Amino acid sequence: MPELPEVETIKNDLSAEILHKKILFIELRLKKIVKNDPSFFKKVLIGAKFRALERCGKLMIFSLGNGQFLLIHLKMTGQLIFRNKKQVIAGGHSDTVFNFDLPNKYSHLVFVFEDKSKLFFNDLRQFGYARIVDKNQLEQIKQRFGMDPLDSRFTLKYFRNLLKKRTGNLKAFLLNQSIIAGLGNIYADEILFEAKILPMRKVTNLTIGEISLLHKSIRKIIMKAIKYRGTTFNTYVDSAGRRGDFLKFLRVYKKEKKLCQRCAHVIKKIKVAGRGTRFCEYCQK
DNA sequence: CTTCTTGTTACTGA
DNA sequence: ATCAGTAACAAGAA
């Protein structure tokens, strides 16, 4: 599942490949993946160039420099894969960097650039989307997102204030994109394990020490996951089709029935806030 | 065959 | 206003 670290990795890598290249052609293979009228979508993009790439939570924002912006959300199984002219010509076989043919049956949208390089938007479950918005719509959408954990304004003081306004459980709090933007099921569970706090705890009865540790853990886990280029469980790959390396650092996500690396008790899995939630009932308090 | 998975939105009722 | 719970979306894994 692309969460903040995965989207950040794709954003950074793609920025080095696609900026300032003219878009020659748009191949829309599955209409529902685009949330605009298809002819409007193509009209805005063809002939335009991506001027900047940014990330808001798990949402990618491609600035077109003409007052319009392309939004792409990968949801659970979306991929954005870039291939240069040489790779496009070679197909999927001859290059060790990537190991599958494109387009494949999950390639719903393809951007063709003037240098014959291509950007493929793949999505197995078709939950992801692409959408063109103008500046006003973009500002409205951005307002719905909470603080980015990497933002310098995400201080302990700020975090303590966020918690004060809430009453629910911690898992739901961490997953709520309008409070903190970018955390999903994998990193929420990993953060709570790191902070040694149970996911079903109410945000109202955390001690000062727990709040401080939780704040530290959010930044620590997210920064480490970015360093290792995200977590590949099923479909996630970066823009070159490579896997993320954070899988080997997971300590609770998909570790149910295995032994806790900290205390050797069995990792449990239950439903919290409607989501599969993994934790150690012994060393998380 | 059924159940589960997951990000987000929409809807219900409390 | 906020929260908990659930359905919806889709397709594959178990």
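Just so we're on the same page: letters track the sequence lines, and every chain starts at 1. Only a predicted model underlies this, so the values are computations on that prediction, with no experimental measurement involved.
Contact check, A/Lys75 against C/dA10: no side-chain N or O comes under 4.0 Å of OP1 or OP2. The shortest distance between the side-chain N/O atoms of A/Tyr236 and the OP1/OP2 oxygens of B/dG7 is not below 4.0 Å. Regarding contacts with the backbone of C/dT2, every side-chain N or O of A/Thr167 stays at 4.0 angstrom or more from both OP1 and OP2.
For the pair A/Leu174 CG and B/dG7 P, the interatomic distance rounds to 13 Å; values are reported in whole Å. Going from atom NZ of A/Lys271 over to atom C1' of C/dG5 covers 11 Å, rounded to whole Å. Regarding A/Ile141, its CD1 atom lies at a distance of 20 Å from the P atom of B/dG7, rounded to whole Å. A/Asn176 has its CG atom 15 Å from the C1' atom of B/dA10, to the nearest Å. A/Arg131 has its CZ atom 11 Å from the P atom of B/dT9, to the nearest Å. In this structure, CZ of A/Arg201 is placed 17 Å from P of C/dC3, rounded to the nearest angstrom. Rounded to whole angstrom, the span from the CG atom of A/Leu170 across to the P atom of C/dA4 amounts to 11 Å. Rounded to whole Å, the distance from CE on A/Met1 to C1' on B/dT8 is 15 Å.
In summary, the side chains of A/Ser15 and A/Asn12 do not present any donor paired with an acceptor at a separation below 3.5 Å, with no hydrogens or angles considered. For the 3.5 Å distance criterion, the side chains of A/Ser117 and A/Asn84 fail to qualify, holding no donor opposite an acceptor.
Considering only the side chain of A/His73, B/dT8 comes nearest among B/dT8, C/dC3, C/dA11. Which of B/dT8, C/dG12, C/dC3 sits closest to the side chain of A/Lys105 comes down to C/dG12. Residue A/Gln177 has its side chain nearest to B/dT8 when only B/dT9, C/dC9, B/dT8 are considered. Here the side chain of A/Lys58 is nearest to one of C/dG12, B/dG7, C/dA4, namely B/dG7. Considering only side-chain atoms of A/Lys202, the nucleotide from B/dT9, C/dA4, C/dC9 that sits closest is C/dA4.
No contact: A/Phe233 has no heavy atom under 4.0 Å from any strand. Counting non-hydrogen atoms under 4.0 angstrom, A/Phe173 reaches nothing in the nucleic acid. Contact annotation for A/Lys171: no contact, since no heavy-atom pair falls under 4.0 Å across all strands. Residue A/Asp123 is classed as having no contact, given no heavy-atom separation below 4.0 Å to the nucleic acid.
Residue-to-nucleotide contacts include a donor-acceptor pair under 3.5 Å from the side chain of A/Arg275 to the base of B/dG7.
Each of A/Arg125 and A/Val203 has a nearest nucleotide on DNA chain C; the 5'-most of these lies closest to A/Val203. For the pair A/Arg278 and A/Tyr129, both in contact range of DNA chain B, the more 5′-proximal nearest nucleotide belongs to A/Arg278. Nearer the 5' end of DNA chain C, as judged by each residue's closest nucleotide, is the contact made by A/Ala172, out of A/Ala172 and A/Gln126.
Transitive grouping of hydrophobic side chains (ILVMFWY, heavy atoms separated by less than 4.5 Å) brings A/Leu80 and A/Leu19 into a common cluster. Taken together through direct or relayed side-chain contacts under 4.5 Å among Ile, Leu, Val, Met, Phe, Trp and Tyr, A/Leu28 and A/Phe111 form part of one hydrophobic cluster.
By the criterion of a centre-to-centre distance under 5.5 Å and near-parallel planes under 30°, the ring of A/Phe127 forms a stack with the base of C/dC9.
Ion pairing between a basic and an acidic side chain is recognised when a charged N comes within 4.0 Å of a carboxylate O; A/Arg251 and A/Glu194 show such pairing. Checked for salt-bridge contact, A/Asp13 and A/Arg242 meet the test: a charged N lies under 4.0 Å from a carboxylate O.
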